[in-house]
**Q** 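Quick one: the structure is below, and I'll ask about it shortly.
Residue numbering restarts at 1 for every chain, and letters A, B, ... go by the order of the sequence lines.
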Amino acid sequence: MPVPQETQRSDLKVYLGYAAGVGKTFQMLEDAHAAAQRGLDVVVAYFEPHARRDTIEQVEGLDIVPHRKLDYRGRTFQEMDTDAVLQRRPRIALVDELAHTNIPGSQRTKRWEDVQVLLDAGIEVWTTMNVQHIESLNDQIWQITGIQVRETVPDWVIRQAAEIVAVDVTPEALLNRLKRGAIYKPEMVQKALTGFFKGSNLGALRELTLRQAAHEVDLRQSAYDETSRFQVSRVPKARSSEAAADESKERILIHITADSSSAMLLRRGRRVADFLHADCLALFVHKTAEITDLPAAEREAVEKHLRFARNLRIQTQILAGPDIPRTVVEYARRSQVSQIFVARPRGRLRERLLGRNYAEEIVRMAHDLQVTIVADRSRGQVS
Amino acid sequence: MPAWYEVSTASTYSDVRAIEILMRDPPYLRVFSPLRCETPLWGLHCRWKIYMMRVSELPRPSPERLLLQAQAEENKRWGARLKIFLGYAAGVGKSYRMLDEARRRHERGEDVVVGAIQPQQSEDLHAILQQLELIPPIPTPQGQTLDVEAVLRRAPQVCVIDPLAATNPPGSRNSHRWQDVQELLRSGISVLTSVNLLHVEGYKEKVQAITGKDTAETIPKSFLLAADDIVIVDVPTDLCLSRLGEKLTSIGISNSQERQLSELRELALLLTAEVVDAQLESYVHAHGIKPVFGTQERFLICITPDSNALAMIESGRRNKERFQGELHVLYVTRRGRPEHESPTVETYLEAARKAGAATEVLESDDPITAITQFAFEKRITQIFIGHGSHENWRDRFFGGPVLRLMRAAEGIDVRVFPR
């Protein structure tokens with residue numbers, strides 16, 4: 001057994017693109033070769049076996065940790081062999097496709113969880129992903145492309161990356177690559193052209209990628225300023241303390257229910273809170289403090305939403321109160337919340353008349369607070 | 001003027017409603033002004049004519065946009081395309097990316113020449129240049145000038161020009177190199193070129209404020225916006241520094257330099273996003289498809305004389321800054337607006353302009369529809385509105401303006417502010 005070395009958490013580097021074939025993996029491998037030439041110990045920990053020809057050529061000359069082969073429903077799948085990578089202990093591990101979901105029977109459900117293990121062991125990880133896999137963008141992506149992306153990565157995973165690199169290519173060049181058969185097999189091309197790769201989708205996703213990358217760069221600047229302020233002088237400047245006070249004011253409260261719109265509400269709240277540098281908490285209110293007396297389906301939905309909130313690193317709170325909107329508003333007042341996030345009521349008149357409309361009641365009651373009614377971004381695209 | 005299409009006639013009001021509801025959903029059509037009534041003087045029957053307008057014709061393109069479109073179309077007529085590689089600093093690898101593309105095009109059989117090249121080249125650049133034909137630039141005391149005549153005579157498919165920002169010596173055909181590029185494009189020669197953020201008009205000052213570096217060369221931003229393709233060459237700042245041969249941050253000298261580079265990097269990413277957004281908008285116009293929402297956060301603040309407008313504007317400014325978004329401030333006045341409320345509104349609009357917002361005053365008897373319409377046209381993602389001042393029995397039953405807006409603004413967040 002090797003003697004456990006000092007395990008300082010290592011750096012993560014993300015190559016961010018907007019579609020398959022923009023050249024994320026290619027760029028990562030190119031940088032890996034440069035690093036290897038400088039004498040750094042780089043290994044390919046996971047690499048898409050169905051990759052493009054020129055990408056496969058790029059792997060040559062790099063050390064590869066063999067994939068783990070798993071049988072599932074009569075077919076063989078390949079996954080990253082995290083234990084083998086840990087054993088190998090490279091300085092840098094390349095892990096393609098961060099958003100991937102592992103085959104059932106794997107040790108961890110998501111590849112990003114495997115990546116956490118590597119980082120915790122002090123191995124630097126370089127990885128690739130597309131903008132549409134960022135959790136908090138899920139509804140916007142749906143609104144823009146009409147496609148619901150299932151495999152997502154929580155924002156905090158990306159936030160911990162020391163570096164984000166935007167891999168940019170023009171949609172025209174991308175479409176050329178696609179038509180030449182460089183991205184998908186010929187029989188897939190037509191499907192791709194009318195699906196994800198159609199019309200304005202690529203332009204819109206590209207814009208989102210660039211803006212996301214700019215945001216990530218900006219966040220890292222703020223973090224840098226925080227640390228350097230301490231280094232330079234112990235006494236913060238008047239302006240920055242003012243700014244700090246300004247920031248601490250924002251607090252976002254997300255009111256979740258059993259309704260499926262809660263997931264979208266949590267994603268949007270998380271995103272807005274991140275941009276505004278605000279605190280974010282989620283609240284579920286029920287008649288009694290125990291949610292066990294809810295009907296089974298409802299209870300499961302609520303528990304799912306609470307789990308999802310924690311997964312996005314949002315604090316959760318369950319409160320008992322006979323009048324739900326009143327409890328939400330009073331809690332918001334008590335805990336200095338600056339904004340309450342509620343779901344937009346469903347459009348159908350029948351539902352509006354029969355069910356209680358928390359959004360409208362909260363708006364009526366909270367005259368002294370900001371209330372944000374979050375749009376249902378999945379609607380309006382359904383054709 | 002966009003055209004109205006007469007799509008149907010109806011003889012009862014309920015038919016009109018039915019058609020209005022039917023027509024609201026298809027993405028290409030929107031009921032703009034659903035009905036115009038023609039009432040025969042003698043009959044009991046009313047006939048309703050229904051007009052509508054294509055969604056794509058709704059937002060009117062600015063003269064500047066039309067000019068850009070005309071330019072782009074003229075170039076396209078000759079099949080020439082302009083592709084710009086943008087970098088946030090020297091050393092990000094723009095030239096490499098560009099020459100690598102030139103090499104690949106050459107290998108695929110395109111007729112590629114090099115018209116201008118940076119005086120100092122790294123080894124890998126040199127290797128690529130060996131494979132490409134060079135049209136020798138004219139040496140001058142100030143540096144090298146693109147030999148436009150020679151390139152025109154040679155008439156290749158693609159010409160590589162590195163860098164784009166250069167001033168030609170007195171007596172040249174054009175005073176700036178970007179004008180040379182325009183000439184090549186007009187003659188049907190595609191151009192691959194690279195530019196540093198520092199040389200883009202409007203960014204010069206920002207870059208100067210960050211780095212203290214000054215430059216004489218600027219390229220009009222409209223030139224960038226008119227490009228067929230723009231690609232950002234993005235690398236982490238530390239890699240850029242090490243390529244520049246600077247001491248790495250680990251030595252602790254160039255910490256502030258890395259901070260500066262990081263700011264430049266953010267600016268370059270946002271500039272590219274802006275160009276991509278402009279391209280996306282022309283694409284949407286040209287193809288008559290539904291506008292794309294949500295690629296950028298766009299805030300709309302609806303003010304009234306008795307709203308807490310200043311707080312809303314301040315919050316809007318902060319949001320705009322944090323999200324790097326757009327800010328609009330709208331005041332909807334009823335037709336024949338009372339004189340007494342305008343000074344207050346003027347103060348608010350002035351504050352909004354100071355906060356960097358685009359302001360607009362609309363006249364309408366139906367504020368909620370006016371706001372929704374405006375929000376859809378401007379691709380707004382969040383509407384800020386003040387809590388209603390009083391609730392009468394009608395509002396209590398049907399919902400006040402806030403609730404009506406909340407229902408009407410589908411796909412847009414509505415943020416209600418305290419008064």
**Q** Measure the shortest side-chain to side-chain distance between L269(B) and H215(A) over non-hydrogen atoms and say whether it is less than 4.5 angstrom.
**A** no
**Q** For D368(A) and H387(B): C-alpha separation, side-chain torsions, deciding distance, then whether side-chain contact (heavy atoms from CB on, under 4.5 Å) applies.
**A** CA-CA 9 Å; D368(A) 50 336; H387(B) 270 292; over 6 Å; no
**Q** Measure distances from E207(A) to the heavy atoms of chain B and classify the residue's part below 4.5 Å as side chain, backbone, both or neither.
**A**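 For E207(A), the contact with chain B is made by backbone and side chain together.
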**Q** Let me know if A311(B) has heavy atoms under 4.5 Å from chain A in its side chain, its backbone, both or neither.
**A**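 For A311(B), no heavy atom lies under 4.5 Å from chain A.
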**Q** On a heavy-atom basis, which atom in V231(B) and which in R206(A) lie closest, and how many Å separate them?
**A** CA-NH2, 3.8 Å
**Q** What's the verdict on salt bridge (charged side-chain N to carboxylate O under 4.0 Å, His left out) for R268(A) and E297(B), showing C-alpha distance, side-chain angles and the deciding distance?
**A** CA-CA 12 Å; R268(A) 183 68 180 164; E297(B) 290 295 332; 3.0 Å; yes
**Q** Is chain B contacted by the side chain of Q212(A), its backbone, both, or neither, given a heavy-atom distance below 4.5 Å?
**A** neither
**Q** Tell me which one of L86(B), V233(B), I230(B), I232(B) satisfies side-chain contact (heavy atoms from CB on, under 4.5 Å) with D168(A).
**A** I232(B)
**Q** Report which part of A409(B) has an atom under 4.5 Å of a heavy atom belonging to chain A: side chain, backbone, both, or neither.
**A** backbone
**Q** Just by modelled atom types, is the R415(B) backbone N or O under 3.5 Å from a matching donor or acceptor in the Q370(A) side chain?
**A** no
**Q** How close do G411(B) and Q143(A) get, counting heavy atoms only, and between which atoms?
**A**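 That closest heavy-atom pairing would be O-NE2, 3.3 Å.
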**Q** Pick one: which of D234(B), V275(B), T295(B), V276(B) meets side-chain contact (heavy atoms from CB on, under 4.5 Å) with L210(A)?
**A** V276(B)
**Q** Pick one of side chain, backbone, both or neither for V272(A), based on which atoms fall under 4.5 Å of a heavy atom in chain B.
**A**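 Both backbone and side chain of V272(A) come within 4.5 Å of chain B.
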**Q** If you tally heavy-atom pairs under 4.5 Å against chain B, which of I373(A), L208(A), V217(A) wins?
**A**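 Heavy-atom pair counts peak at I373(A).
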**Q** Yes or no on salt bridge (charged side-chain N to carboxylate O under 4.0 Å, His left out) for R211(A) and E266(B), after CA distance, side-chain angles and deciding distance?
**A** CA-CA 9 Å; R211(A) 289 192 186 282; E266(B) 189 186 348; over 6 Å; no
**Q** Report the distance from atom CD1 of I144(A) to atom CG of L280(B), rounding to the nearest 0.5 Å.
**A**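 Result: 8.5 Å between the selected atoms.
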**Q** Salt bridge check, R265(B) against E163(A): does any charged N sit closer than 4.0 Å to a carboxylate O?
**A** yes
**Q** Kindly compute the distance separating NE2 (H367(A)) from CZ (F417(B)), expressed to the nearest 0.5 Å.
**A** 15.5 Å
**Q** So what's closer than 4.5 Å to chain A heavy atoms on Q296(B): side chain, backbone, both or neither?
**A**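 For Q296(B), backbone and side chain are both near chain A.
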**Q** Return the set of residues passing salt bridge (Lys or Arg N to Asp or Glu O under 4.0 Å) with D229(B) (not counting sequence neighbours), or none when no residue passes.
**A** R81(B)
**Q** Could you check if a side-chain atom of H277(A) sits within less than 4.5 angstrom of a side-chain atom of R322(B), using non-hydrogen atoms only?
**A** yes
**Q** Does any non-hydrogen side-chain atom of Q279(B) lie less than 4.5 Å from one of P171(A)?
**A** no
**Q** To the nearest 0.5 Å, tell me how far F275(A) CZ sits from N319(B) CG.
**A** 11.0 Å
**Q** Which one, T209(A), V169(A), I164(A), leads in non-hydrogen pairs under 4.5 Å with chain B?
**A** I164(A)
**Q** Which pair of non-hydrogen atoms, one from R344(A) and one from A408(B), has the smallest distance, and what is that distance?
**A** NH2-N, 4.3 Å
**Q** Check each atom of A366(A) against the heavy atoms of chain B and say whether the ones under 4.5 Å are side chain, backbone, both or neither.
**A**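 Backbone of A366(A) only, per the 4.5 Å heavy-atom cut-off to chain B.
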**Q** Does a side-chain heavy-atom distance below 4.5 Å link V165(A) with P236(B)?
**A**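 Side-chain contact under 4.5 Å: yes.
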**Q** Which of the residues Q27(A), Q140(A), Q339(A), E216(A) is involved in the greatest number of heavy-atom pairs with chain B at under 4.5 angstrom?
**A** Q339(A)
**Q** Is D218(A) close to chain B through its backbone or its side chain, or both, or neither, when contacts mean heavy atoms under 4.5 Å?
**A**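 Contact with chain B: backbone and side chain both.
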**Q** I need the R318(B) CZ to L276(A) CG distance, nearest 0.5 Å.
**A**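 Reported value, rounded in 0.5 Å steps: 6.0 Å.
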